[in-house]
Every structure is written in C-alpha cells, then in structure tokens.
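Read the structure below first, then the notes.
For ligands, and for the atoms within them, numbers begin at 1 and follow the listed sequence.
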Amino acid sequence: MSTQPIWNPQQYAEHARFVTDLGAPLIDMLAPKPGERVLDVGCGDGVLTKQLLDLGCDVVGIDSSQAMVEAAKALGVHAQVIDGHRLPFHQEFDAVFSNAALHWMVKPDEALRGIRQALRPGGRLVAEFGGKGNLTNVLAGLHKVLKTYGCDPATIQPWYFPTAEEYRARLEQQGFQVVAIDLFPRPIELPGDITKWLEMFAQPFLDLIPNSSQAEFTARVRETLRPVLEAPDGRWTVDYVRLRCHAVKPTVG
Ligand code: BEZ
C-alpha cells in the first residue's frame with residue numbers, strides 16, 4: 001500500500017503554494033552564505049531550493065517524487081530522486097534545510113542518521129515540519145469516516161508529528177546539539193475548498209477506499225469537517241502545528 005501521495009506539481013502550485021510561501025522565513029533562519037553547500041531534503045517542486053540557489057548556495061534538492069524532482073529541475077535546480085530515509089551523502093554539506101517534508105519520513109531516526117552523515121562537522125540542520133497536534137481536526141474527520149467504511153484508522157499512520165521534547169531527544173541521540181526547537185500552532189486558511197487539500201494530501205487514507213467510492217469518501221469527510229474548519233464566509237482553515245528546529249553537528253564527537 002502506498003503511503004506517499006502521487007504528487008502533481010501543477011496541482012501543488014495551484015492549491016498548496018502556501019506551503020512554500022510560509023517556508024520562506026526558514027531561509028532567514030538558515031542564514032545561508034554564498035558558496036555554502038546546502039542539501040534540501042524533500043525539496044518538492046524546488047521553489048525554496050531555487051531561492052537558496054539565487055542566494056548563491058551550491059544547493060542539491062532531493063525528493064522521493066519523480067514528478068516533483070522534474071519540476072525542480074525545470075527551475076534550474078540540481079535535484080535527485082532519493083528517499084529521505086536513505087540519504088547517500090557523506091560529510092559534504094554545510095547545511096541541511098527541510099521544509100514541510102520530515103513528517104512524511106515516518107522512520108525519523110533513519111532520516112536523522114542520513115542528515116547527520118550528510119553534514120560536515122560543524123554543519124547545521126534547519127527544518128520545519130508538522131509537530132504534535134498537527135491536523136488534529138482533519139485526522140479526526142478522516143478517522144471517523146474511515147470507520148464507517150469498515151477500515152481501522154490505526155492501520156494507517158502516514159505522518160510523523162512529534163513533540164519538541166521527543167524530537168530534541170532524537171536529535172541528541174544522533175549526536176546533534178540543539179540550538180532551538182519550538183512547537184507552535186499555525187492555522188492556515190486554504191486558497192480554496194478542503195476537497196482539493198484532501199485529494200492532494202490525504203491520499204494514503206483514500207488508498208484504503210475502493211476507487212469507485214473515493215469521491216464519496218472525500219465528500220463525507222468534507223461534511224464532517226465543515227462545522228469545525230469552515231467559516232461562515234465559506235473559507236476553510238486547516239489546523240496546522242509546526243515543529244521548527246535548528247541543530248548543529250559538533251566538530252568533534
Ligand atoms: C503539513 O503539516 O505540512 C502536512 C502534513 C501532512 C499532510 C499534509 C501537510
């Protein structure tokens with residue numbers, strides 16, 4: 001069973017550009033210097049990777065989606081299809097950057113081990129992704145409707161949303177020094193209807209439902225979420241919670 005959506009760069013640009021727009025302050029936090037080698041883990045369609053390139057970085061983007069990597073390459077970014085759990089790099093980057101991707105890597109220790117290995121001593125990780133409490137309402141709606149189709153929601157956990165304490169412990173276990181780590185709510189008003197969001201991001205749940213019933217499933221989740229996430233003016237707000245961290249690989253040890 002697939003646990004990753006089949007990403008569509010056009011759909012992403014149209015309905016989820018807010019993900020990269022809101023990731024831009026993370027670049028300030030990274031404070032990249034011209035000439036630095038930066039690895040963008042989960043680069044998606046490369047829009048933020050391109051910003052790093054334009055700032056003079058020698059940047060490599062990796063993503064598990066071929067379509068997204070092609071979109072990144074079309075922006076002139078050096079990008080490769082690589083699973084973030086299996087980074088093949090050895091002490092060659094000054095920094096690892098990651099926006100809205102690490103929650104898809106449900107084996108966080110494998111992802112962090114690869115990130116640590118990719119960094120040169122003294123290199124830094126600056127990342128933001130979904131943290132504890134992310135999408136609580138959306139998940140409740142998905143689970144409620146899934147049960148009516150006879151599916152056990154416990155069988156599907158496509159996302160990893162840790163607390164700051166848990167992620168700090170994992171970082172430290174991998175030998176990182178944590179400079180800062182914060183968990184904070186960031187509700188996001190969608191550019192359109194939640195149906196598009198569900199079609200794009202909730203595919204691992206849709207995969208549990210026969211193709212012929214998926215549209216009905218999505219409509220039922222939408223109706224379930226309506227009283228919680230739709231404002232009287234018809235705008236939808238998703239209950240995002242972000243975990244943002246800055247950690248350094250020590251020069252010794
Ligand atoms: C996010 O937090 O950015 C996110 C998590 C899971 C699915 C879609 C988005």
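- Hydrophobic clustering, with ILVMFWY side chains joined whenever heavy atoms are under 4.5 angstrom apart, keeps Val47 apart from Met200.
- At a cut-off of 3.5 Å, with distance as the only test, a side-chain donor of Asp40 or Thr49 sits close to an acceptor on the other residue.
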Write out each pair where an N or O from ligand 1 and one from the protein are under 3.5 Å apart, with the distance.
unit_1   : atom_1 : unit_2 : atom_2 : d
ligand 1 : 2 (O)  : Asn134 : ND2    : 2.7
ligand 1 : 2 (O)  : Arg242 : NH1    : 2.7
ligand 1 : 2 (O)  : Arg242 : NH2    : 3.4
ligand 1 : 3 (O)  : Arg242 : NH2    : 3.1

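- Between Gln66 and Glu70, the side chains place a donor N or O and an acceptor N or O closer than 3.5 Å (distance only, hydrogens not considered).
- Looking at Thr163 and Arg168, their side chains never bring a donor and an acceptor atom within 3.5 Å of each other.
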**Report entry** Worked verdict on Asn134 versus Arg242 for side-chain contact (heavy atoms from CB on, under 4.5 Å)
**Finding:** CA-CA 7 Å; Asn134 199 31; Arg242 308 326 276 164; 3.7 Å; yes
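- Annotation: Phe161 is not in aromatic contact with Trp104 [ring centroid separation under 6.0 Å not met].
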